[in-house]
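Along the sequence shown, the residues carry numbers beginning at 1. For the numbers below, each heavy atom of this structure counts, side chains included, while hydrogens, waters and symmetry mates do not. Just follow the structure's listing: the first ligand is 1, and inside any ligand the first atom is 1. None of the values given here were measured: they were computed from a predicted structure.
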Amino acid sequence: MVDARIGTRAFIALLGDWRVTATGPSYLALFDRIRLLILDGRIAADTRLPAERDLAQALGVSRTMVSAAYRELRDAGYTRSVRGSGSVTRLPGRAPVAGHDATGDYIDFTKATMPSYPGLYAATERVMGDWAAELGGTGIDPFGSLALRQAVADRYTERGLPTSVEQVMITIGAQHAIALLARTVMARGDRAVVELPSYPHAYEALRVAGARLVPVTVSARGSGAVPDGLHGWDAAELAQSFARTSPAIAYLMPDFHNPTGESMPAELREQVLRDAARHGTVVIVDETTSELDIDRPESYLPFAAYGDSATADSAVLIGSVGKTVWAGLRVGWVRATPAIIRKLAGARFSGDLGTPVLEQLIVADLLRDFEPVLALRSEQLREGRETLIRVLGETFPDWQVPRVHGGLSTWVNLGAPLSSQLALASRAQGLLITAGPRFGLDGALERFMRIPLGYSPGELERGVAALAAAWRSVSSGPVVSSTDLFAEVV
Ligand SMILES: Cc1ncc(COP(=O)(O)O)c(C=O)c1O
C-alpha cells in the first residue's frame with residue numbers, strides 16, 4: 001500500500017548537497033544519498049518518490065542519470081515499483097536501521113542513551129508489595145498513579161519550583177508527552193518555534209500535528225561554527241521568531257540541548273517566558289536530559305522557575321527517566337497548569353489508556369532518592385566525554401570536538417560537508433551513526449556529526465576506530481558502491 005508521497009521540492013531539500021566530493025559517477029552519489037534518507041528515517045517506508053522526469057528537471061541533470069540511481073535503489077531493495085505509482089520506498093531485509101534490528105555485530109551510536117541503572121532490579125523487587133495492592137483496581141488512570149505524581153511534584157519542589165500533584169501528569173516517556181502536547185495545545189497550520197539542530201522525533205511529532213516549523217539556531221561551543229563566546233542561542237533571533245510569527249508553541253531544550261550539549265543562560269530563559277506570555281505561546285520545555293550534569297559551571301532551576309506570576313504558566317515542562325534510569329521503563333511526565341493537565345488527560349484516550357502501573361511504582365520508588373542515580377550518570381558521562389575527547393583528538397586532529405558540560409552527546413564539526421557519506425561508510429565498518437542533517441530540517445548540517453557519550457570507554461574506542469576506517473574511505477574516493485555494503489558484516 002502506498003500511503004505517502006514526497007514532493008519534488010521537499011525531496012530536493014532533503015537531498016542537500018548530495019554531489020559534494022563524490023568522485024564516482026553521479027548516479028551512485030544520488031543513489032547513496034537517497035539510501036541514507038531511507039535508512040535514517042527521513043523518508044519513511046512506503047513513500048512514493050518524485051517521478052524520474054520531474055526530479056531530473058528540478059536537479060538539472062539528465063533523466064538517464066536519475067533512472068540509473070532509481071534502478072540502483074530498486075536493485076538494492078530500497079524501492080519497489082508500483083504500477084501507476086512509480087518508485088515506492090521500502091527497507092531491505094538485511095539493512096540495520098536506527099532503532100531496529102541492530103544486531104550484536106553493530107556498534108549502535110544512533111541512540112544517545114545510557115545502559116539501565118544497576119539499582120533498577122532491586123527497586124523492582126522493593127515495590128512488589130505495592131504492586132500486589134494495586135491489583136484490585138482497574139489499573140487505568142490517564143493522569144497517572146497518585147504516588148508517582150506526588151514523587152514528581154516533590155522533586156520539582158525540592159529543586160526550587162513549588163509544584164502540586166494537580167500540576168503533574170504521567171506519560172509513556174517524554175516522546176509521548178511531546179506528541180500529546182502537539183496534538184492538544186495547537187491547531188493544524190499553527191507556527192511552532194523549534195531549535196536547529198534539534199531532537200528529530202520532536203520535529204516529527206510537531207509536523208504530524210500540522211505545525212509549521214520556525215527554526216532558531218543553536219551553535220555548539222568550540223565547534224568552529226561560531227566565534228567562541230557566541231555559542232548557544234542567539235537572543236535576538238529567538239526574540240524575532242516570536243515577534244515575527246506569534247507562534248502557538250515553542251519546543252525548546254534549554255539544558256544540555258540534544259545534540260549540541262548547550263545550556264541556555266538565565267536571562268534568556270526569562271526573555272523567552274516574557275515573549276511567550278506576550279504572544280500567547282505555550283513553551284514546551286523538554287527537560288529529559290536536564291539533570292545529566294557533568295561539571296556545568298552554573299546550575300539552573302526547572303525552566304518555569306524563571307517566570308513570574310504573569311509568565312511562568314507559559315512553560316509546560318516535560319521530564320522522563322528514559323535517560324537517567326532506563327529508556328525501557330517508558331515513563332515520563334508533564335508539569336503544567338492544572339487546566340492544561342486536565343485537557344491532556346481528556347485528549348489522551350484517543351491514543352492510549354495510561355501508563356503501565358508497575359513501571360510507575362518503580363519510578364516513584366527511585367525518585368524518592370534520586371541523587372545516587374544522578375551521581376552515577378555524572379561519573380559515567382564524564383568518563384565517556386574524556387574518552388571521546390582523547391580518542392577523537394588522536395584520530396581526527398582536524399575535527400572540532402566541543403567539551404560539553406553534560407548531556408548525552410557532543411556535536412562534532414568534521415571540517416567538511418561529509419556527514420552523510422561518513423554515516424554510510426560507517427555502516428560498512430560495523431557502526432551505525434546518525435548523520436548531522438537528521439537533526440535539521442532541510443538537508444543542511446552536513447559538517448556535523450552527533451557522537452554519544454553514554455557508552456563504555458571500550459565501545460567508544462571501537463566506534464571511533466570504525467569511524468576512522470570509514471573516514472579514510474570517504475576522504476580517499478567515492479563511498480558509493482553498487483554492491484551491497486551489508487553483505488560482509490551481517
Ligand atoms: C531531547 C529528548 N526528548 C525526548 C526523548 C524521548 O524520551 P523518552 O524515552 O522518555 O520517550 C529523547 C530521547 O532520545 C530526547 O533525546
Side-chain angles (χ1 to χ4, degrees), residues 40-41 98-100 102 108-117 120 144 148 152 168-182 192 194-208 218 220 233 249-264 283-293 302-303 316-335 344 348 351-352 354-356 359-360 362-363 366-367 370 373 377 381 384 404 406-411 432-434 438-440 450-455:
D40 76 9
H100 303 274
D108 187 358
F109 277 8
T110 61
K111 297 184 201 68
T113 52
M114 311 259 352
S116 66
Y117 177 61
L120 179 53
L148 180 53
V152 170
V168 176
M169 170 191 193
I170 307 303
T171 60
I172 311 169
Q175 183 62 37
H176 174 225
I178 299 166
L180 184 60
L181 279 160
V194 292
E195 292 152 332
L196 180 79
S198 186
Y199 166 59
H201 299 310
Y203 287 154
E204 285 161 14
L206 294 170
R207 276 183 162 145
V208 166
V218 183
W233 293 253
I249 61 175
Y251 168 82
L252 303 175
M253 265 177 282
D255 295 275
F256 308 124
H257 171 262
N258 177 7
T260 64
E262 288 291 318
S263 291
M264 190 185 276
V283 187
I284 301 176
V285 187
D286 188 338
E287 297 185 329
T288 301
T289 59
S290 69
E291 295 194 86
L292 296 173
D293 192 333
F303 197 88
V316 171
L317 311 187
I318 292 178
S320 167
V321 291
K323 309 293 187 183
T324 47
V325 181
W326 189 40
L329 276 173
R330 310 303 316 138
V331 174
W333 55 84
V334 178
R335 180 207 182 269
L344 292 173
R348 187 168 180 169
D352 70 280
T355 309
E359 281 77 352
Q360 294 188 69
I362 297 168
V363 174
L366 286 166
L367 280 185
F370 211 48
V373 178
R377 293 324 193 186
L381 289 167
V404 293
L408 284 160
S409 63
T410 183
W411 185 237
L432 301 180
I433 190 160
T434 313
R438 182 75 173 99
F439 300 89
R450 182 186 78 168
I451 308 198
L453 312 177
Y455 291 79

Query raised in the report: Are Phe303 and Met264 close enough, and set up right, to give a side chain to side chain contact (heavy atoms under 4.5 Å, CB included), and what steps lead you there?
Result: CA-CA 10 Å; Phe303 197 88; Met264 190 185 276; 4.1 Å; yes

Report task. Take Leu148 and Val168, measure what side chain to side chain contact (heavy atoms under 4.5 Å, CB included) needs, and give me the verdict at the end. Result -> CA-CA 9 Å; Leu148 180 53; Val168 176; over 6 Å; no

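For the residues Arg330, Met253, His201, the heavy atom positioned nearest atom 1 (C) of ligand 1 is part of Met253.
Distances below 4.0 Å separate heavy atoms of Thr288 from the following atoms of ligand 1: 3 (N), 4 (C). Ligand-side atoms of ligand 1 in range of Ser320: 8 (P), 10 (O), range being under 4.0 angstrom from any heavy atom. Heavy-atom contacts of Asp286 reach the following atoms of ligand 1: 1 (C), 2 (C), 3 (N), 4 (C) (cutoff under 4.0 Å). Under a 4.0 Å criterion applied to the non-hydrogen atoms of Gly173, ligand 1 contributes the atoms 10 (O), 11 (O).
Backbone and side-chain nitrogen or oxygen atoms of Ala174 are examined, and one is located within less than 3.5 angstrom of a nitrogen or oxygen of ligand 1. Where the criterion is an N or O separation shorter than 3.5 Å, residue side chain and backbone included, His176 fails it with respect to ligand 1.
A heavy-atom distance below 4.5 Å is not found between the side chains of Val404 and Trp411. Counting only heavy atoms from C-beta outward, the side chains of Ile249 and Leu206 approach each other to under 4.5 Å.
Aromatic ring centres of Phe109 and Tyr455 lie closer together than 6.0 Å.
Looking only at heavy atoms of the protein, atom 16 (O) of ligand 1 is closest to Asn258 ND2, 2.9 Å. Atom 13 (C) of ligand 1 has its closest protein heavy atom at Lys323 NZ, 2.7 Å.
Taking both residues in full, the closest heavy atoms of Tyr203 and Pro197 are given as OH-C, 3.7 Å, listed atom of the first, atom of the second, then distance.
Using cut-offs of 30° and 60° for the angle between ring planes, the Trp233 and His257 rings count as perpendicular.
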